[in-house]
Amino acid sequence: MLFERSMVFLINIFCPPISVMLVAGPGMDCILNAIFFIAGVIPGHIHGFYITCTYFHRKRKVKKGRYPGGRKTFIFSEQVWNGGASHQHVRELLDAQKNREQEEEDIRMMKRSSRMGNSRANTGLGRMPNSMNTGPGSEGRKSVRRSGVVMYDGEERRPVERTVSVNMNSIREDGGWRM
């Protein structure tokens with residue numbers, strides 16, 4: 001793979017449309033790169049390196065058994081999108097990745113629920129709605145919210161109102177702010 005990559009990069013230095021054609025095949029990418037190369041040499045080289053780097057990066061992902069990713073901007077070849085792999089192989093990699101992510105999420109949720117379950121059972125401190133707050137130590141601790149006032153065991157507590165204070169010395173006479 002190193003030899004293939006080196007050869008494509010060398011060809012890209014001298015004629016980017018040929019290297020893009022080797023990687024992506026004759027198609028929209030090759031035509032777009034030829035237009036960039038004719039319009040100005042530098043844009044053709046940049047686009048050529050972009051295509052080849054994306055292709056080899058995705059090819060390495062497929063080789064490692066990972067999903068190569070979806071579409072990329074200014075790349076129209078499915079061969080580059082898939083890293084040279086077939087659609088069926090890419091679909092299998094995507095399904096495998098989704099399964100791994102689902103298993104990881106399930107494990108995370110089981111760990112979280114076991115931690116939360118243990119802390120609720122041991123201390124009675126859990127984030128549950130008031131109607132469900134029936135764990136140990138929650139007897140007689142009820143809260144009711146009415147129009148900005150929270151009632152705890154018959155005791156009223158009002159939320160603290162915070163206001164923005166403006167330093168009048170920082171305002172100039174013409175209405176603008178000092179820097």
Side-chain angles (χ1 to χ4, degrees), residues 1-138 143 145:
M1 186 164 149
L2 183 62
F3 178 74
E4 177 188 9
R5 190 174 190 161
S6 302
M7 289 306 297
V8 170
F9 277 124
L10 281 174
I11 294 170
N12 195 16
I13 290 172
F14 297 109
C15 189
I18 293 174
S19 70
V20 170
M21 189 171 66
L22 289 173
V23 170
M28 186 62 186
D29 287 323
C30 187
I31 293 170
L32 184 64
N33 191 273
I35 291 171
F36 283 152
F37 189 67
I38 291 170
V41 175
I42 303 296
H45 282 84
I46 292 171
H47 184 256
F49 280 117
Y50 175 63
I51 297 275
T52 55
C53 287
T54 301
Y55 172 75
F56 285 113
H57 177 71
R58 290 180 176 218
K59 188 173 184 177
R60 187 173 55 244
K61 279 184 167 183
V62 169
K63 190 175 180 181
K64 289 181 178 181
R66 295 179 9 212
Y67 175 65
R71 298 180 176 211
K72 281 200 79 147
T73 309
F74 292 113
I75 298 179
F76 302 101
S77 170
E78 293 178 12
Q79 185 173 353
V80 177
W81 292 338
N82 297 337
S86 66
H87 288 293
Q88 182 181 359
H89 186 65
V90 170
R91 271 189 241 115
E92 290 170 1
L93 292 173
L94 178 62
D95 291 340
Q97 179 178 341
K98 285 182 180 178
N99 289 338
R100 277 193 307 268
E101 289 174 356
Q102 184 63 40
E103 288 172 1
E104 290 171 359
E105 182 66 24
D106 290 344
I107 291 170
R108 249 186 270 124
M109 292 302 290
M110 285 190 328
K111 286 181 181 178
R112 183 179 297 150
S113 66
S114 67
R115 271 189 275 140
M116 292 298 288
N118 291 341
S119 66
R120 280 190 188 121
N122 294 339
T123 62
L125 300 174
R127 292 183 182 184
M128 301 173 109
N130 292 330
S131 62
M132 298 181 68
N133 197 2
T134 58
S138 65
S143 67
R145 179 174 287 278

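The figures here come from the full heavy-atom set of this structure, side chains too, leaving out hydrogens, waters and symmetry mates.
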May I have all residue pairs that pass side chain to side chain donor-acceptor pair (under 3.5 Å) and include part of residues 33-43, sequence neighbours excluded? Asn33-His47
Looking at CD1 of Ile42 and CZ of Phe37, how far apart are the two atoms once the value is rounded to the nearest 0.5 Å? 9.5 Å
Beyond-backbone contact of His89 with Glu92, side-chain heavy atoms, under 4.5 angstrom: yes
All side chain to side chain contact (heavy atoms under 4.5 Å, CB included) counterparts of Arg71, not counting sequence neighbours: Trp81
Non-hydrogen atoms of Cys30 and Gly25 that approach each other most closely: CB-O, 4.0 Å
May I have the step-by-step check of side-chain contact (heavy atoms from CB on, under 4.5 Å) for Leu94 and Val90, ending in yes or no? CA-CA 6 Å; Leu94 178 62; Val90 170; 5.5 Å; no
d(Phe36 CZ, Phe74 CZ) to nearest 0.5 Å is 6.0 Å
Restricting to side chain to side chain contact (heavy atoms under 4.5 Å, CB included), what partner residues turn up for Met110, sequence neighbours left out? none
Show every salt bridge (charged side-chain N to carboxylate O under 4.0 Å, His left out) that has at least one partner inside residues 47-69, sequence neighbours left out. Glu4-Lys59
On a heavy-atom basis, which atom in Ser77 and which in Ala24 lie closest, and how many Å separate them? OG-O, 3.2 Å
Under the criterion salt bridge (charged side-chain N to carboxylate O under 4.0 Å, His left out), I'd like the reasoning laid out for Arg108 against Glu105: C-alpha separation, chi angles, the key distance, then a yes or no. CA-CA 5 Å; Arg108 249 186 270 124; Glu105 182 66 24; 2.6 Å; yes
Atom of Val62, atom of Ala85 and distance for their closest heavy-atom approach: CG1-CB, 3.8 Å
For Lys98, is there an ion pair with Glu101 - N to carboxylate O distance below 4.0 angstrom? no
Starting at SG of Cys53, measure out to CZ of Arg5 and round the result to the nearest 0.5 Å. 6.0 Å
Side-chain heavy-atom pair His87, Asn82 within 4.5 angstrom cut-off: yes
Those residues that, when tested against Gln102, pass side chain to side chain donor-acceptor pair (under 3.5 Å) (two or more places apart): Asp106
Output side-chain donor-acceptor pairs under 3.5 Å for residues 9-20, partner residues at least two apart or in another chain, one line each.
from	atom 1	to	atom 2	distance (Å)
Asn12	OD1	Ser19	OG	3.3
Ser19	OG	Pro16	O	2.9

Nearest 0.5 angstrom please: His57 NE2 to Thr52 OG1, how far? 13.0 Å
In this structure, CG of Asp29 is separated from CD1 of Ile75 (nearest 0.5 Å) by 6.5 Å
